[in-house]
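Below is one structure, written out as structure tokens; comments come after it.
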Amino acid sequence: MLGICLAGARFVHLQVIEAERLSAYAEQQRTRRIETPAQRGTIFDRSGRALAQSVRVYTVVVDPHNIASFFDDYVAARELRDEPVEQSLENLHKDLAEYFSEKLGIDEEELLPQFSRRAASGNFSRFSVLAREISPDIRLSVNSDAQVNVDDTPEQRLFRQSLRHTVWELDYMRIYPMGEVAAQVIGFVNAEGYGAAGIELQFEEILRGSPGVSFTERDVAGNIIPAGLQKAIEPSRGSDIMLTIDAEITNVAQQELERAVSDTMAVAASALVMNPRTGEIYAAVSYPGFDANEFNLADQEAIRNRALVDVLEPGSTIKPLTIAAALDAGSIDLDDDFYIPNSIQVGTRVVSDAVERPTEVMSVSRIMEVSSNVGTTRIAQRMGSDTLYDYLHRFAITERPGLDFPGAGSGHVLSPEEWSDVTLSNFSFGQGLSMSPLQISRAMAAIANDGMMTTPHLLQAVPDGSFPLPEHEEIRVISEEAARQTTKTLEAVMIEGTGRNIDVQNYEVAGKTGTAQKAREGVAGYVEGLYISSFIGYLPANDPELLITIFVDEPRTSMFGSEVAGPPFANIATFTARYLGL
């Protein structure tokens, strides 16, 4: 009676109390869920060249249990016919390991345990992964070798049929056909296939797609239960995207940066090439670079896109913004003259020009031509702190650039209530405030675009229409007249001023050179003898369609932007203007 009571209690426990949990567990044991990966969308440049694409590969899986069962059936069939069996399961494992070692390029000793490994209980483990990311050509070769020939020996037939017990699971591998070209923009995916940097990360939702999944109910031996659940959902491929980036322009820019770093013995350099009217970025590169196919071997400094994420003091490249602001605010006229000594006292600091010169009366255009710090300070003093800060805000120096790229850099500008007695002067010629090359490019593009500022961007199109493109509104920053007058001063820089040796054949250029002392990291002050040299310009000057910004970090041969950043600007501009047919 006690035994019957215990058994009855156990039945009630299983069938009533635990019924729902055990039923779900049983269903889980019966149901096999297999996920089929989705192919990731392709990233194209503006001309349709593939910059990143997913190619079909396979994961090679073997089921040791099936191989052992097949071998047992083979032996039993031979014994029924009284035929001798000269092959052993261990030898079959060795033959398979040797074969796949040659096919997959993996050491035989590493593969052998995968065909015979056992769980701690002594039963065969069900699945062993031999290799991942195997090309379809290798799969076809193995399938061909698995075909039995009429003249095969029994042992050969056994081996060939054993090859059929390998499972080839479809997968996709991300490749970057152009290697280093635009790698710092494109980024890369991680081991799980998710975007980890750059455009791959920014547009993960568009590119990823949806994996497929199938559900089947199987018995304990792994056979499909005919009346059981059988359901499959096909994978959905990710959407392709087309960027504003041009691979040819990017390639030339990278080569020019490499040459500039080598010639000037610099640490690094960056270049940004864009259309000032539309905000389309044709190239955003820095040197050193890296090959996206081998991102795991790259230095972190090489992966960073300095043109988009670095923050630095712009130096004299900010002077066009100061003069444009003063012209627009009515603080100066283009024909105003200023009494400019070589140095002046500003608060607790003496402000002087980079090149010593005698006192002279300078026009606004002349101040820009010779890049006079004293002259720019005089202009800023006419505006005052609040007005200069207001225009820095209008030029979007105080905010993020709104670029569709992860981690796009944003500088720092003190508000007027935090300014010291020298801040107005410092800011006017590009010291004491910070910004990214992208930010100064966007601001200069507003001058090139008749005072209208647009948002720089990298996404040009999603061909299948699955993602709505954002609208890039234009915002008026300064008047058309102020922009036109500023352009005239920048043209003078290229004819009579610091940029006169920078020649872009057959094109009139409006541009500005820059040299900035390199700020110390984490503490106030500057590093003695270290500079960031720069040049920013647009062309054709009377109807700009191309703007290029160059920054060279710690050049050793010269500190002047005309000598360091000028040559790569001229070469990139010459190529790009002809390439685009300007």
Only counting residues at least two apart or in another chain, list the ones meeting side-chain contact (heavy atoms from CB on, under 4.5 Å) with [X].
X	result
Asp137	Ser135
Val252	Glu256, Phe575
Gln156	Asp152, Thr153
Met1	none

Are any side-chain N or O atoms of [X] and backbone N or O atoms of [Y], one a donor and one an acceptor, separated by less than 3.5 Å?
X	Y	answer
Ser162	Leu158	yes
Arg304	Val309	no
Ser441	Pro437	yes
Thr574	Asn571	no
Gln460	Asp45	no
Asn305	Ala284	yes
Gln114	Ser128	no
Gln184	Ala302	yes
Thr244	Glu280	no
Glu258	Tyr287	no

Q. Do we see a donor-acceptor contact under 3.5 Å between the side chains of Asp291 and Tyr176?
A.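 No.
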query: Distance only, no hydrogens: is a donor on one side chain within 3.5 Å (strictly under) of an acceptor on the other, for Asn149 and Asp151?
result: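 The criterion, which ignores hydrogens and geometry beyond distance, is not satisfied for Asp151 and Asn149.
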Please round to the nearest 0.5 Å and tell me the distance separating atom [atom1] of [X] and atom [atom2] of [Y].
X	Y	atom1	atom2	value
Ile199	Leu458	CD1	CG	4.5 Å
Thr36	Tyr172	OG1	OH	9.0 Å
Met173	Glu133	CE	CD	5.5 Å
Asp553	Asp310	CG	CG	8.0 Å
Arg40	Tyr194	CZ	OH	9.5 Å
Phe11	Ile4	CZ	CD1	11.0 Å

Heavy atoms of Pro555 and Ser533 approach each other most closely as CG-OG, 3.5 Å
Closest heavy-atom pair, Ala38 versus Pro235, reported as atoms and distance to 0.1 Å, is CA-CB, 4.2 Å
Name all residues meeting the ring pair (Phe, Tyr, Trp, His ring centres under 6.0 Å) criterion together with [X]; count only those two or more places apart in sequence or in a different chain, and write none if there are none.
X	answer
Phe70	His165
Phe535	Phe569
Phe295	Phe188
Phe467	none

Residues 174-197 vs salt bridge (charged side-chain N to carboxylate O under 4.0 Å, His left out), sequence neighbours excluded, gives Arg174-Glu200
Residue pairs meeting salt bridge (charged side-chain N to carboxylate O under 4.0 Å, His left out), one or both in residues 90-99, sequence neighbours left out, come to none
- Task: Mind running side-chain contact (heavy atoms from CB on, under 4.5 Å) on Ile134 and Arg139 for me, showing each step along the way?
- Result: CA-CA 8 Å; Ile134 303 303; Arg139 183 196 181 200; 6.0 Å; no
Is any side-chain heavy atom of [X] less than 4.5 Å from a side-chain heavy atom of [Y]?
X	Y	answer
Ser410	Gln439	yes
Asp464	Asp240	no
Leu130	Ile106	no
Val129	Thr59	yes
Tyr58	Ile138	no
Phe405	Ile281	no
Thr454	Thr278	no
Lys103	Asp145	yes

Does atom [atom1] of [X] have more than 12 heavy-atom neighbours from other groups under 6.0 Å away?
X	atom1	answer
Tyr579	OH	yes
Arg237	CZ	yes
Arg56	CZ	no
Arg400	CZ	no

Stepwise side-chain contact (heavy atoms from CB on, under 4.5 Å) test for Tyr282 and Asn275:
CA-CA 7 Å; Tyr282 299 140; Asn275 185 320; 3.2 Å; yes
Hey, are Glu205 and Arg208 close enough for a salt bridge, meaning a charged N less than 4.0 Å from a carboxylate O?
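Answer for the salt bridge query: no.
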Parallel, tilted or perpendicular: which one describes the rings of Trp168 and Phe100, with boundaries at 30° and 60°?
tilted
Residues passing the salt bridge (charged side-chain N to carboxylate O under 4.0 Å, His left out) test with Asp404, sequence neighbours excluded, are none
side-chain contact (heavy atoms from CB on, under 4.5 Å) assessment of Leu580 paired with Ile249:
CA-CA 10 Å; Leu580 295 177; Ile249 298 174; 4.2 Å; yes
| message | Using side-chain contact (heavy atoms from CB on, under 4.5 Å), reason through Asp246 and Thr576 one step at a time and then give a plain yes or no. | response | CA-CA 10 Å; Asp246 187 282; Thr576 306; over 6 Å; no
* Within residues 6-17 or reaching into it, pairs that qualify as side chain to side chain donor-acceptor pair (under 3.5 Å) - sequence neighbours excluded ->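 Checked against side chain to side chain donor-acceptor pair (under 3.5 Å) - neighbours excluded - no pair reaches residues 6-17.
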With Val273 as partner, the option from Thr250, Ile548, Ile550, Thr549 fulfilling side chain to side chain contact (heavy atoms under 4.5 Å, CB included) is Ile548
Residue pair Arg306, Glu301: steps toward the salt bridge (Lys or Arg N to Asp or Glu O under 4.0 Å) verdict = CA-CA 9 Å; Arg306 296 169 182 266; Glu301 292 295 306; 3.3 Å; yes
